[in-house]
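Note that this is a predicted model, so its numbers are computed, not measured. Note on naming: letters A, B, ... go to the chains in the order of the sequence lines (proteins, then strands), and numbering restarts at 1 for each one.
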Amino acid sequence: MLNVGKIEEGFVLDHIAAGKSLSIYHHLKLDKLDCTVAIIKNARSNKMGKKDILKVECDINTLSLDVLAFIDHNITVNVIKDGKIVDKKELTLPKEIRGVIKCRNPRCITSIEQELPHIFVLADEKKEIYRCKYCEEKCRERF
Amino acid sequence: MRHLMSPLDFTVEELEQLFDLANDIENNMDKYAHACSGKKLATCFYEPSTRTRLSFESAMLNLGGSVIGFSDAGSSSASKGESVSDTIRVISCFADICAMRHPKEGAPMVAASRSAIPVINAGDGGHQHPTQTLTDLLTIRSLKGSLGNFTIGLCGDLKFGRTVHSLINALVRYEGIRFIFISPEELKVPDYITDMLKEKHIPYEEVIRLEEIMPRLDFLYMTRVQKERFFNEEDYVRLKDFYILNKEKMKLAKNDMLILHPLPRVNEISVEVDDDPRAAYFRQVQYGVYVRMALILSLLEISV
């Protein structure tokens with residue numbers, strides 16, 4: 001079995017659905033951060049059979065994880081400080097998602113004005129429904 | 001500064017004030033004849049809509065203001081590729097208030113976010129048409145005396161009709177409203193609306209034939225059933241007459257039931273019904289002017 005060393009400060013994102021870690025890497029914009037990232041694909045899991053894990057070595061205040069709840073609220077977020085787990089973050093659905101999903105409605109103003117940011121607003125927390133801020137089209141994308 | 005994007009932007013109390021003002025305008029037109037003297041309304045219509053544009057222009061002229069604008073995208077800078085945000089910033093230098101119609105949904109909202117003047121959504125694609133809903137509400141309130149405790153039948157294309165969805169969303173805020181939806185199976189009101197009604201415990205029924213429920217209605221809101229919405233010609237031929245209101249069907253209605261229609265009417269209300277005192281759709285157009293006058297005054301924060 002492959003061993004990846006522990007991190008001193010940062011996040012360990014556990015229980016990511018197998019194969020989804022790269023998409024999360026991009027949605028968290030980790031490619032833009034100058035930090036160490038370990039992407040573990042298809043790790044053995046008793047609970048899930050297979051899972052992905054992301055280890056991110058960074059200042060814990062620099063990374064916004066809000067979008068994770070939208071992607072998959074089953075992901076476990078372990079906050080690491082001095083090499084130890086100091087917190088397990090509860091994922092709550094963000095009120096607004098900016099620049100992550102695109103509105104697919106061909107009648108939406110975002111379809112002709114390219115510079116407009118794609119913004120989705122949480123319309124129904126219980127049913128986890130997001131709607132485009134401009135045209136109110138329901139977001140059908142899931143990761 | 002406020003804008004109007006959706007009929008739900010105003011609380012029920014704010015709407016009451018707006019409708020009181022509209023009724024005062026109706027009864028005292030002279031009092032408001034110079035209220036907007038020196039003010040300009042820009043009608044930015046990126047797609048043709050003669051009725052709505054003329055209603056806005058008439059409203060501003062009745063208030064003593066003046067009107068500038070364009071009536072299709074071809075005669076605006078949009079044809080040169082200018083964004084809505086840039087256009088509204090330019091228009092803000094020319095006018096005091098703007099009514100915007102745009103084929104793309106959310107365009108007036110983008111304009112409002114960049115505008116230095118109030119923006120009124122005069123219809124954005126299939127999304128919102130708030131001044132139509134305000135017109136419908138004012139008509140109901142003026143002709144019945146209040147906005148509550150009545151049964152309204154909505155008939156025709158309830159699936160794609162944005163005026164219908166918008167009116168339902170606006171009416172659920174009032175007490176004692178009962179809805180009866182009359183439409184063919186293919187054009188039933190969408191699930192998200194019936195789910196919302198269930199959640200709010202608001203009574204509703206769905207029926208296919210207009211005749212069976214006519215005697216129970218206080219209002220009948222007619223819309224057009226378009227042939228192209230049907231899956232096949234056979235169904236269209238079979239069902240189309242169910243949704244045509246004629247003298248025969250009117251015999252079944254209460255003496256004080258009122259017929260509303262967002263217009264344009266094609267053949268869903270036969271012309272023989274026009275002379276019936278219960279036909280309120282042309283009075284509805286007049287209320288559209290009053291409510292737009294009240295809205296312009298309210299958004300410009302002008303009191304008379």
Side-chain angles (χ1 to χ4, degrees), chain A residues 23 26-29 32 64 66-74 90-143, chain B residues 3 5-9 44 46-47 73-74 76-89 100-115 119 121-130 133 160 162 165-166 168-169 190-200:
Chain A
S23 130
H26 288 293
H27 285 304
L28 292 178
K29 301 190 168 52
K32 307 270 190 313
S64 168
D66 286 350
V67 75
L68 273 186
F70 170 73
I71 296 170
D72 182 357
H73 55 72
N74 294 315
E90 284 268 325
L91 290 178
T92 51
L93 288 172
K95 296 271 177 258
E96 189 180 286
I97 303 167
R98 191 178 268 262
V100 175
I101 27 178
K102 277 191 181 286
C103 183
R104 305 274 179 220
N105 176 6
R107 299 177 310 276
C108 181
I109 184 67
T110 54
S111 68
I112 54 163
E113 299 213 352
Q114 312 299 329
E115 80 290 355
L116 284 173
H118 286 247
I119 302 170
F120 279 78
V121 179
L122 182 58
D124 187 330
E125 198 163 1
K126 247 195 281 175
K127 294 181 185 154
E128 300 184 12
I129 292 172
Y130 282 87
R131 289 188 183 275
C132 172
K133 184 184 169 184
Y134 307 101
C135 68
E136 295 183 79
E137 180 85 351
K138 209 197 273 187
C139 167
R140 300 184 192 283
E141 265 175 72
R142 274 299 187 219
F143 294 86
Chain B
H3 308 281
M5 293 298 118
S6 145
L8 304 182
D9 287 356
C44 300
Y46 289 80
E47 65 177 1
S76 79
S77 300
S79 61
K80 296 173 193 153
E82 186 177 58
S83 68
V84 169
S85 305
D86 280 4
T87 303
I88 194 67
R89 275 184 272 204
M100 180 178 284
R101 157 76 59 114
H102 201 290
K104 292 292 179 186
E105 299 170 5
M109 182 196 269
V110 173
S113 70
R114 299 286 181 198
S115 179
V119 177
N121 180 358
D124 58 337
H127 183 218
Q128 295 281 1
H129 188 2
T133 306
F160 299 101
R162 105 188 129 176
H165 303 165
S166 195
I168 298 167
N169 279 319
D191 288 348
Y192 77 88
I193 291 197
T194 48
D195 286 349
M196 178 266 291
L197 294 175
K198 278 180 212 149
E199 210 168 281
K200 291 181 190 287

What is the distance from atom CD of Q114(A) to atom OG of S83(B), rounded to the nearest 0.5 Å? 12.0 Å

Counting heavy-atom pairs under 4.5 Å to chain A, which of G125(B), S85(B), A107(B) comes out on top? A107(B)

Working to the nearest 0.5 angstrom, can you tell me the gap between N105(A) CG and H127(B) NE2? 9.5 Å

Under 4.5 Å to a heavy atom of chain B? For E115(A) that would be side chain

Portion of S111(A) that has a non-hydrogen atom of chain B nearer than 4.5 angstrom: side chain

Answer yes or no: is there a donor N or O on one side and an acceptor on the other, between the side chain of E113(A) and the main chain of V84(B), under 3.5 Å? yes

R131(A) CZ: over 12 foreign heavy atoms closer than 6.0 Å: yes

Considering only heavy atoms from C-beta outward, does the side chain of I109(A) approach that of E105(B) to under 4.5 Å? no

Could you measure the distance from the NZ atom of K104(B) to the CZ atom of R107(A)? Nearest 0.5 Å is fine. 8.5 Å

Please state whether the side chain, the backbone, both or neither of K133(A) comes within less than 4.5 Å of a heavy atom of chain B. both

